[in-house]
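Everything on this sheet refers to the single structure shown next.
Only a predicted model underlies this, so the values are computations on that prediction, with no experimental measurement involved. Both counts, for ligands and for their atoms, begin at 1 and track the order of listing. Heads up: numbering here begins at 1 and tracks the sequence.
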Amino acid sequence: MIGKKKQNTWLNYANPSLSNIQPYEPGKPESQLIRELNLSTQQIVKLNSNESLWEAAPAIKHHLSNIQNIHSYPDGNGFELKQTIAKLHNISPQHITLGNGSNDILELIARAFLCPNTSAIYAQHSFIVYHLVTLTQQARGIKVPASNYGHNLTAMLQAIEKETKIIFIANPNNPTGTFIPYEQIKDFLKAVPKHILVVLDEAYYDYLPKKEQEDSIAWLEEFANLIIVRTLSKIYGLASLRLGYALSHPDLSDLFNRVRPPFNTNTIAQECGVIALQEQDFIQEVATQTLIQKTRLESEFNKLNIRYIPSLGNFLCTEFADAPYIHQKLSEHGILVRPIGGYELPNHLRITVGQERDNKRLLKILEQLL
Ligand SMILES: *Cc1c(COP(=O)(O)O)cnc(C)c1O
């Protein structure tokens, strides 16, 4: 809290970009809510960070009770995990960069390419981390107005300037859930100059219905400037362990590895990642269940006249006349959802799709409030 109201005395001496940056505001952790509201764990429904309410595959819990060797440094190159990722995506390990969450990956990309007098392009209402990593590098962020809450690829192409190094695209987008069909992404890639990196952040890829999925990883052969970013924080249920990865041309992964801290992914994350990525039946089942619950939520929202943006993620971006009030009242009942005023959507709340019991509790309170 200190430093929020009062000017920070170090600011004049720090990296000049820091005066334009505020700390990332995550969804409140459960422990904080328990402290603030005097609620018990059982009373909390956490729908504010797009984590999987189905948790991780049972094999992960089993492994965690058998963790060995925490006194040793991790494998800095993540050999086993890279083997698993390579096999899953039918790609060789040189294409892979491991990150302490995909957030870390976004930072490595920015560190490798952005500096003063360069720029990065991203969409309005898109993942805030693109903006943060750009500013931290003292580069300029070009925020392109959204169209219908989603990316306007035509406008993003037009926004390219001589200094542009990176274009960030989240597909599906967080926090809006909007989705760009893959044919359009491909046309976009063909139109972007070859020396500009296109970061395709596919944090919610496994939630896509099969008919919308595309083997975008196979496109790496054709587009040497494409970087695909994936995370194990969402459908894989490992958000607390922090694990993500990038797939790119080996010349790019070489550069990312030059700026990567030596042991950025820890042993437990690497080992659990290996297991989680192999539990594809479990992932498929979570995707199916999430879709069933999302469809139910949509029909209940319709009945309650709650507007929402069509979403292909595991969340719905809902609109209210007075979102801060709804957010406050839901919190008082232990239902955590995410206000997204920081994304220029002050009257929207992003709600993660939970299991049936979670959604029922949410709907019950919403019914009372509206
Ligand atoms: C959640 C999310 C991430 C994942 O962040 P991690 O650091 O891997 O937990 C990345 N990009 C988008 C668009 C997200 O919504």
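- Ile185 has its side chain out of reach of Val198: every pair of non-hydrogen atoms, C-beta onward, lies at least 4.5 Å apart.
- Annotation: side chain of Glu30 is not in contact with side chain of Leu336 (no heavy-atom distance under 4.5 Å).
- Of the candidates Glu161, Glu163, Lys162, Glu161 is the only one forming a side-chain hydrogen bond (donor to acceptor under 3.5 Å, both in side chains) with Ser119.
- Side chain of Asn50 to main chain of Asn314: no donor-acceptor pair is present (N/O by atom type, distance under 3.5 Å, no hydrogens or angles).
- Remark: Lys329 engages Glu332 in a salt bridge, criterion side-chain N to carboxylate O under 4.0 Å.
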Quick one: table the atom pairs, ligand 1 N or O against protein N or O, below 3.5 Å, distance rounded to 0.1 Å.
unit_1: ligand 1; atom_1: 5 (O); unit_2: Ser102; atom_2: OG; d: 3.3
unit_1: ligand 1; atom_1: 7 (O); unit_2: Ser102; atom_2: N; d: 3.2
unit_1: ligand 1; atom_1: 7 (O); unit_2: Asn103; atom_2: N; d: 3.0
unit_1: ligand 1; atom_1: 7 (O); unit_2: Arg242; atom_2: NH2; d: 2.6
unit_1: ligand 1; atom_1: 8 (O); unit_2: Ser102; atom_2: N; d: 2.6
unit_1: ligand 1; atom_1: 8 (O); unit_2: Ser102; atom_2: OG; d: 2.8
unit_1: ligand 1; atom_1: 8 (O); unit_2: Thr231; atom_2: OG1; d: 2.6
unit_1: ligand 1; atom_1: 8 (O); unit_2: Ser233; atom_2: OG; d: 3.3
unit_1: ligand 1; atom_1: 9 (O); unit_2: Ser233; atom_2: OG; d: 2.6
unit_1: ligand 1; atom_1: 9 (O); unit_2: Arg242; atom_2: NH1; d: 2.8
unit_1: ligand 1; atom_1: 9 (O); unit_2: Arg242; atom_2: NH2; d: 3.3
unit_1: ligand 1; atom_1: 11 (N); unit_2: Asp201; atom_2: OD1; d: 3.3
unit_1: ligand 1; atom_1: 11 (N); unit_2: Asp201; atom_2: OD2; d: 2.6
unit_1: ligand 1; atom_1: 15 (O); unit_2: Asn174; atom_2: ND2; d: 2.7
unit_1: ligand 1; atom_1: 15 (O); unit_2: Tyr204; atom_2: OH; d: 2.6
unit_1: ligand 1; atom_1: 15 (O); unit_2: Lys234; atom_2: NZ; d: 3.2

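- Annotation: ring pair (Phe, Tyr, Trp, His ring centres under 6.0 Å) contacts involving residues 235-277, sequence neighbours excluded, comprise Tyr73-Phe263, His89-Tyr245.
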